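Numbering of ligands and ligand atoms starts at 1, following listing order. Quick caveat: nothing in here was measured; it's all calculated off a predicted structure. For the single chain, residues carry numbers from 1 onward in sequence order.
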Amino acid sequence: MLSVKITPYLSVSFKRKLKISMSKIKKIAVFTSGGDAPGMNACIRAVVRTGLYHQLEMVGIMQGYQGMIDDNFKPMTAHSVSNILQIGGTILKTARCLDFKTDEGMEKAYQNVKKQGIDALVAIGGDGTFTGAERFSNKYNIPIICVPGTIDNDLYGSDYTLGFDTATNTVIEAIDKIRDTAASHDRLFFIEVMGRDAGCIALRAGISCGAEAIMLPEVDTAIDELITKIENGALNKKSSSIVIVAEGDKNGGAYNVAKLVKEKINFYDTKVTILGHLQRGGSPSAFDRILGSRMGFAAVNALLKGETHKMVGLKGNAICLTSLSEAIHFHDFKLEDDLMEMAVILA
Ligand code: ADP
């Protein structure tokens, strides 16, 4: 007798689709907001294609909350997100929108969301974006799931944020190039990298590039201590020195640190490089492409399971959800002790 075999994968997938088709959510909008980060496009693609897989209508909101207020929505098809995995920035554009912080601005945004028939939102951004999302969904009772898209890696509820890995790799590539010049000319370079509150990029880039010293917002490094390190390096016949300074270092940035050091050391030709905005862009690393895809996929599935007011995160390589209020208000971020100790010993 002929029997029909259903593979386990198909049956699980079918059950999931059946359950999800009973969800009240039929139309989801996705947007990016705050600072751009590599991997946002991978996330948008995953949100759109996961929604389409579940036969939902998918919409993109241009320029984050600004587009919500300006009625700047666009239908998203599978084709709308073709060929974007490898591109940095965000195809939906992003903006900082002060109007959204006001009651009038939010009301305008809500009227547009309602007019579009949108049942739920996926927001990709940092803690400012989450704060707006939480206020909006509390006020108007719209389900929302957020994805941590920021190169700073400083959000509670996720070991990694989208874009951090790519930004660190970009910084490493730049420092490697500067090291060639530093070594050829026997120079001392002060390189400023992003990190106003968190020294994640500075610490990892410093270890990866063998920086002689790393100045972090989390640690008070006395200038005399730094000078001793540089002098010891010179005594050990180092022909060049690289000092990485995170933006938020308490001595006031790379130019200031260089000035203070120069007053006491004159055996090196001293230069300063501020890496600035080049750290934000660029093609996302494999890690960020996969992270963005996982988080986007998880965000839509979470909404369809009835979740709301949550941030998707990665903890020990597993996708997890954290309440938005915890993600916004908890700050348990701490640089790893072993990395800090190792950076000093290996330099
Ligand atoms: P990020 O999301 O990267 O932290 P911002 O702090 O600039 O970036 O926040 C992005 C946007 O989120 C802001 O431009 C604003 O539109 C919105 N936002 C931030 N804080 C609030 C708030 N308290 N209420 C409403 N919207 C907010």
Side-chain angles (χ1 to χ4, degrees), residues 29-41 43-44 47 60-73 88-113 121-142 144-158 160-167 194-198 200-201 217 247-248 276-277 279-281 284 288 291-292 295-296 299 308-313 322-331 333:
V30 57
F31 62 95
T32 46
S33 160
D36 64 304
M40 281 182 162
N41 283 329
C43 188
I44 295 166
V47 168
I61 307 175
M62 300 304 292
Q63 293 176 314
Y65 295 120
Q66 190 62 54
M68 246 189 232
I69 292 176
D70 296 343
D71 201 12
N72 199 351
F73 296 76
T90 156
I91 60 157
L92 294 178
K93 312 253 184 196
T94 181
R96 300 197 197 267
C97 172
L98 292 180
D99 279 355
F100 193 74
K101 294 186 179 183
T102 66
D103 287 345
E104 301 75 49
M106 242 187 217
E107 178 62 28
K108 231 174 167 183
Y110 172 64
Q111 291 307 328
N112 288 329
V113 166
L121 297 163
V122 175
I124 310 165
D127 58 354
T129 300
F130 297 176
T131 307
E134 195 189 33
R135 276 187 62 199
F136 188 71
S137 57
N138 280 340
K139 198 164 176 185
Y140 299 107
N141 199 20
I142 294 184
I144 191 157
I145 296 287
C146 293
V147 173
T150 163
I151 64 168
D152 292 334
N153 206 36
D154 57 353
L155 287 172
Y156 178 83
S158 192
Y160 291 98
T161 57
L162 208 47
F164 164 68
D165 182 69
T166 307
M194 279 186 177
R196 245 173 275 145
D197 303 309
C200 266
I201 293 180
E247 272 175 316
H277 278 89
Q279 296 163 88
R280 270 196 191 284
D288 279 329
L291 185 65
M295 287 180 164
T308 178
H309 292 64
K310 300 267 166 74
M311 181 196 83
V312 175
T322 299
S323 80
L324 271 187
S325 69
E326 283 178 15
I328 295 164
H329 301 294
F330 285 15
H331 297 283
F333 176 77

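Atoms CE and CD1, from M40 and I91 in turn, are 12.5 Å apart once rounded to the nearest 0.5 Å. Atom CG of N153 and atom CG of D165 lie 9.5 Å apart (nearest 0.5 Å). Considering OH of Y110 and CG of N141, their distance stands at 8.5 Å, rounded to 0.5 Å.
Atoms of ligand 1 found under 4.0 Å from any heavy atom of F100 (numbered from 1 in listed order, with element): 16 (O), 25 (C), 26 (N). Proximity to G35 (heavy-atom distance under 4.0 Å) selects the following atoms of ligand 1: 3 (O). The R135 neighbourhood of ligand 1 comprises atoms 22 (C), 24 (N), 25 (C), with distances under 4.0 Å to a heavy atom of that residue. For ligand 1, the atoms closer than 4.0 angstrom to any heavy atom of G126 are 1 (P), 2 (O), 3 (O), 4 (O).
Q279 and I151 get closest at one heavy-atom pair: O-CD1, 4.2 Å. Across all their heavy atoms, S325 and E134 have their closest contact at CB-OE2, 3.2 Å.
Ion pairing between K93 and D36 fails under the 4.0 Å rule for side-chain N and carboxylate O. Salt bridge status for R196 with D154: absent, with no side-chain N to carboxylate O gap under 4.0 Å.
Compare G128, C97, G64 by their heavy atoms: the one nearest to atom 13 (C) of ligand 1 is in C97.
Summary of contacts: the protein heavy atom closest to atom 2 (O) of ligand 1 is T129 OG1, 2.5 Å. What sits closest to atom 21 (C) of ligand 1 on the protein, heavy atoms only, is K101 CE, 3.7 Å. When only non-hydrogen protein atoms are considered, atom 23 (N) of ligand 1 lies nearest to T131 CG2, 3.4 Å. At the top of the distance list for atom 11 (C) of ligand 1, counting protein heavy atoms only, stands S33 OG, 3.6 Å. With hydrogens left out, the protein atom closest to atom 7 (O) of ligand 1 is R96 NH1, 2.6 Å, a heavy atom.
Heavy atoms of Y65 found under 4.0 angstrom from ligand 1 belong exclusively to the side chain.
By the 4.0 Å heavy-atom criterion, D127 is counted among the residues contacting ligand 1.
Considering backbone and side-chain atoms together, G125 places no N or O closer than 3.5 Å to any N or O of ligand 1.
Ring to ring, Y65 and F136 are not that close: their centroids are 6.0 angstrom or more apart.
Partners of K108 according to the side-chain contact (heavy atoms from CB on, under 4.5 Å) rule, which considers only residues two or more places apart in sequence or in another chain, are I69.
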